[in-house]
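Input: a single structure, listed below in C-alpha coordinates.
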Amino acid sequence: MTEKLRGKDLDARIELELLSMLDEGYEHSPITQSNLAKRLIAKNIISYKSTLTKRKELIDKFTKEQQDTVVGSLSHTLKSTRSKSRKELEKANARLNDQVKESRKMIQQNTQCIISMMKTIRMQTKARNIERCLSPYLIRELHNSEDFTNGEK
(Lines give C-alpha, C1' and ligand atoms only; values in the text may rest on other atoms or scores of the structure.)
Protein backbone atom coordinates (compact mmCIF):
# COMPACT_ATOMS: atom_id res chain seq x y z
CA MET A 1 0.00 0.00 0.00
CA THR A 2 1.31 3.45 -0.84
CA GLU A 3 1.97 6.02 1.83
CA LYS A 4 -0.72 8.69 2.18
CA LEU A 5 0.12 12.29 1.39
CA ARG A 6 0.36 14.80 4.25
CA GLY A 7 0.68 18.51 4.81
CA LYS A 8 1.51 20.70 1.84
CA ASP A 9 1.72 17.74 -0.54
CA LEU A 10 -1.82 16.75 0.40
CA ASP A 11 -2.99 20.37 0.09
CA ALA A 12 -1.49 20.57 -3.41
CA ARG A 13 -3.17 17.29 -4.44
CA ILE A 14 -6.53 18.46 -3.04
CA GLU A 15 -6.19 21.72 -4.94
CA LEU A 16 -5.47 19.80 -8.16
CA GLU A 17 -8.61 17.73 -7.64
CA LEU A 18 -10.63 20.89 -6.95
CA LEU A 19 -9.30 22.43 -10.18
CA SER A 20 -10.33 19.28 -12.01
CA MET A 21 -13.84 19.49 -10.54
CA LEU A 22 -13.97 23.18 -11.44
CA ASP A 23 -13.11 22.34 -15.05
CA GLU A 24 -15.78 19.62 -15.18
CA GLY A 25 -18.42 22.13 -14.13
CA TYR A 26 -21.21 22.23 -11.61
CA GLU A 27 -23.53 19.95 -13.59
CA HIS A 28 -21.05 17.07 -13.62
CA SER A 29 -19.00 17.62 -10.47
CA PRO A 30 -20.49 19.99 -7.92
CA ILE A 31 -17.82 20.88 -5.40
CA THR A 32 -18.79 19.81 -1.90
CA GLN A 33 -16.71 18.37 0.90
CA SER A 34 -18.55 15.07 0.48
CA ASN A 35 -18.03 14.84 -3.31
CA LEU A 36 -14.38 15.80 -2.99
CA ALA A 37 -13.87 13.19 -0.26
CA LYS A 38 -15.45 10.47 -2.41
CA ARG A 39 -13.15 11.32 -5.32
CA LEU A 40 -10.02 11.47 -3.17
CA ILE A 41 -10.87 8.24 -1.34
CA ALA A 42 -11.53 6.51 -4.68
CA LYS A 43 -8.08 7.64 -5.86
CA ASN A 44 -6.57 6.41 -2.58
CA ILE A 45 -5.28 9.88 -1.71
CA ILE A 46 -7.10 10.09 1.64
CA SER A 47 -8.76 7.49 3.85
CA TYR A 48 -11.43 9.53 5.63
CA LYS A 49 -13.69 12.48 4.87
CA SER A 50 -12.56 14.11 8.12
CA THR A 51 -9.16 14.73 6.51
CA LEU A 52 -10.82 17.60 4.63
CA THR A 53 -12.28 19.31 7.71
CA LYS A 54 -9.25 21.58 8.20
CA ARG A 55 -9.33 22.50 4.50
CA LYS A 56 -12.91 23.79 4.52
CA GLU A 57 -11.88 27.34 3.56
CA LEU A 58 -10.10 26.07 0.44
CA ILE A 59 -13.10 23.93 -0.53
CA ASP A 60 -15.51 26.84 0.09
CA LYS A 61 -13.38 29.12 -2.09
CA PHE A 62 -13.53 26.68 -5.01
CA THR A 63 -17.26 26.04 -4.41
CA LYS A 64 -18.01 29.74 -4.68
CA GLU A 65 -15.83 30.08 -7.78
CA GLN A 66 -17.61 27.14 -9.44
CA GLN A 67 -21.06 28.46 -8.60
CA ASP A 68 -20.13 31.90 -9.96
CA THR A 69 -19.42 30.33 -13.37
CA VAL A 70 -22.89 28.75 -13.59
CA VAL A 71 -25.26 30.63 -15.91
CA GLY A 72 -28.99 30.61 -16.58
CA SER A 73 -31.80 29.49 -14.33
CA LEU A 74 -29.57 27.25 -12.26
CA SER A 75 -27.35 30.24 -11.49
CA HIS A 76 -30.34 32.20 -10.22
CA THR A 77 -31.41 29.22 -8.11
CA LEU A 78 -27.92 28.77 -6.63
CA LYS A 79 -27.71 32.42 -5.70
CA SER A 80 -31.22 32.62 -4.27
CA THR A 81 -31.17 29.51 -2.09
CA ARG A 82 -29.56 29.96 1.27
CA SER A 83 -28.52 26.42 2.13
CA LYS A 84 -28.07 25.26 -1.47
CA SER A 85 -28.94 21.73 -0.44
CA ARG A 86 -29.39 19.01 -3.02
CA LYS A 87 -33.06 18.67 -2.06
CA GLU A 88 -33.75 22.36 -2.76
CA LEU A 89 -31.92 22.15 -6.07
CA GLU A 90 -33.93 19.09 -7.05
CA LYS A 91 -37.16 20.94 -6.25
CA ALA A 92 -36.03 23.90 -8.33
CA ASN A 93 -35.07 21.56 -11.17
CA ALA A 94 -38.51 19.90 -11.07
CA ARG A 95 -40.15 23.34 -11.14
CA LEU A 96 -38.05 24.35 -14.14
CA ASN A 97 -38.90 21.09 -15.93
CA ASP A 98 -42.60 21.83 -15.40
CA GLN A 99 -42.07 25.31 -16.87
CA VAL A 100 -40.36 23.79 -19.91
CA LYS A 101 -43.28 21.40 -20.46
CA GLU A 102 -45.76 24.26 -20.18
CA SER A 103 -43.71 26.36 -22.60
CA ARG A 104 -43.66 23.53 -25.12
CA LYS A 105 -47.44 23.25 -24.92
CA MET A 106 -47.73 27.00 -25.50
CA ILE A 107 -45.43 26.76 -28.54
CA GLN A 108 -47.64 24.02 -29.99
CA GLN A 109 -50.78 26.11 -29.43
CA ASN A 110 -49.18 29.20 -30.94
CA THR A 111 -47.89 27.22 -33.92
CA GLN A 112 -51.37 25.84 -34.61
CA CYS A 113 -52.81 29.34 -34.37
CA ILE A 114 -50.26 30.73 -36.84
CA ILE A 115 -50.86 27.84 -39.24
CA SER A 116 -54.59 28.50 -39.05
CA MET A 117 -53.98 32.18 -39.84
CA MET A 118 -51.75 31.29 -42.79
CA LYS A 119 -54.43 29.00 -44.22
CA THR A 120 -57.06 31.71 -43.81
CA ILE A 121 -54.83 34.24 -45.56
CA ARG A 122 -54.28 31.80 -48.43
CA MET A 123 -57.98 31.11 -48.83
CA GLN A 124 -59.22 34.71 -48.51
CA THR A 125 -56.52 36.62 -50.39
CA LYS A 126 -54.53 36.30 -53.55
CA ALA A 127 -51.28 35.93 -51.62
CA ARG A 128 -50.01 32.45 -52.38
CA ASN A 129 -46.33 32.52 -51.50
CA ILE A 130 -46.67 33.32 -47.81
CA GLU A 131 -43.96 30.81 -46.87
CA ARG A 132 -41.33 33.49 -47.51
CA CYS A 133 -42.46 35.22 -44.30
CA LEU A 134 -42.24 32.12 -42.12
CA SER A 135 -39.43 30.42 -40.28
CA PRO A 136 -38.31 26.97 -41.49
CA TYR A 137 -40.04 25.43 -38.47
CA LEU A 138 -43.37 27.02 -39.34
CA ILE A 139 -43.03 26.11 -43.02
CA ARG A 140 -42.45 22.48 -42.03
CA GLU A 141 -45.45 22.55 -39.69
CA LEU A 142 -47.61 24.20 -42.34
CA HIS A 143 -46.72 21.54 -44.90
CA ASN A 144 -47.25 18.77 -42.37
CA SER A 145 -50.65 19.98 -41.19
CA GLU A 146 -53.39 17.50 -42.02
CA ASP A 147 -55.51 19.58 -44.34
CA PHE A 148 -52.76 21.45 -46.21
CA THR A 149 -52.75 20.67 -49.93
CA ASN A 150 -51.61 23.37 -52.30
CA GLY A 151 -53.43 26.13 -50.46
CA GLU A 152 -56.78 24.34 -50.34
CA LYS A 153 -58.58 22.90 -47.41
Side-chain angles (χ1 to χ4, degrees), residues 1-121 130-148:
M1 187 174 162
T2 62
E3 188 176 320
K4 299 286 183 195
L5 297 173
R6 297 175 189 257
K8 292 187 184 218
D9 292 334
L10 179 59
D11 288 345
R13 187 62 184 99
I14 289 171
E15 194 162 344
L16 280 175
E17 194 64 32
L18 286 167
L19 287 169
S20 174
M21 292 175 81
L22 194 61
D23 288 341
E24 291 170 16
Y26 185 84
E27 293 79 16
H28 298 289
S29 299
I31 297 175
T32 63
Q33 185 174 349
S34 178
N35 288 342
L36 178 62
K38 287 175 188 172
R39 287 172 67 127
L40 293 173
I41 290 170
K43 293 179 179 181
N44 205 26
I45 296 170
I46 62 172
S47 299
Y48 305 102
K49 180 180 173 183
S50 60
T51 305
L52 301 175
T53 304
K54 293 181 181 177
R55 294 159 177 92
K56 185 169 175 23
E57 285 182 23
L58 178 66
I59 296 168
D60 289 344
K61 178 183 133 193
F62 276 90
T63 300
K64 183 176 179 342
E65 187 175 338
Q66 185 183 54
Q67 289 176 352
D68 287 345
T69 62
V70 176
V71 294
S73 300
L74 181 58
S75 171
H76 175 71
T77 303
L78 286 173
K79 291 173 183 162
S80 65
T81 52
R82 279 179 270 124
S83 66
K84 298 176 184 126
S85 70
R86 181 175 185 90
K87 187 175 183 178
E88 288 174 338
L89 292 174
E90 287 173 349
K91 284 181 186 177
N93 190 33
R95 220 176 21 255
L96 291 172
N97 283 333
D98 290 342
Q99 288 176 359
V100 166
K101 288 176 187 173
E102 184 64 29
S103 296
R104 287 184 177 150
K105 287 179 187 175
M106 290 173 64
I107 287 173
Q108 282 297 87
Q109 291 171 347
N110 290 341
T111 300
Q112 292 305 315
C113 183
I114 291 172
I115 288 173
S116 176
M117 287 189 280
M118 292 296 119
K119 289 178 181 179
T120 303
I121 290 171
I130 56 176
E131 285 91 350
R132 286 186 285 169
C133 304
L134 302 175
S135 71
Y137 169 78
L138 287 171
I139 293 171
R140 193 171 44 254
E141 291 296 315
L142 182 62
H143 287 287
N144 289 338
S145 66
E146 296 137 359
D147 55 345
F148 178 82

Less than 4.5 Å apart, any side-chain heavy atom of [X] and any of [Y]?
| X | Y | answer |
| --- | --- | --- |
| Ser29 | Asn35 | no |
| Asp11 | Glu15 | no |
| Ile59 | Lys56 | no |
| Thr53 | Gln33 | yes |

message: Quick check on Lys43: does its NZ atom have over 12 non-hydrogen neighbours (other residues, nucleotides or ligands) under 6.0 Å away?
response: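 Yes, because the 6.0 Å sphere around NZ of Lys43 holds more than 12 heavy atoms from other groups.
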- request: Would you indicate whether Glu90, at its atom CD, is surrounded by more than 12 heavy atoms from other residues, nucleotides or ligands within a distance under 6.0 Å?
  value: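 Result for CD/Glu90: enclosed.
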Could you state the interatomic distance from [atom1] ([X]) to [atom2] ([Y]), rounded to the nearest 0.5 Å?
| X | Y | atom1 | atom2 | value |
| --- | --- | --- | --- | --- |
| Leu10 | Arg13 | CG | CZ | 10.0 Å |
| Asp23 | Leu18 | CG | CG | 11.0 Å |
| Asn110 | Lys105 | CG | NZ | 14.0 Å |
| Gln66 | Leu19 | CD | CG | 11.0 Å |

- prompt: Where the side chain of Thr120 meets the backbone of Ser116, is there a donor-acceptor pair that is under 3.5 Å apart?
  reply: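 Present.
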- prompt: Does Arg39 come within less than 4.0 Å of Glu24, counting only side-chain N to carboxylate O?
  reply: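 Result for this pair is yes, salt bridge flagged.
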query: Salt-bridged, Lys61 to Glu57, with N to O below 4.0 Å?
result: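 Here Lys61 does not pair with Glu57 in a salt bridge, since their nearest N and O are not under 4.0 Å apart.
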field: Residue of the set Thr63, Leu16, Ile31 for which side chain to side chain contact (heavy atoms under 4.5 Å, CB included) holds with Met21
entry: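 So, applying the side chain to side chain contact (heavy atoms under 4.5 Å, CB included) to Met21 and each of Thr63, Leu16, Ile31, only Ile31 qualifies.
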- prompt: How far apart are the closest heavy atoms of Arg55 and Ile14, and which atoms are they?
  reply: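 Residues Arg55 and Ile14, closest heavy atoms: CD-CD1, 3.2 Å.
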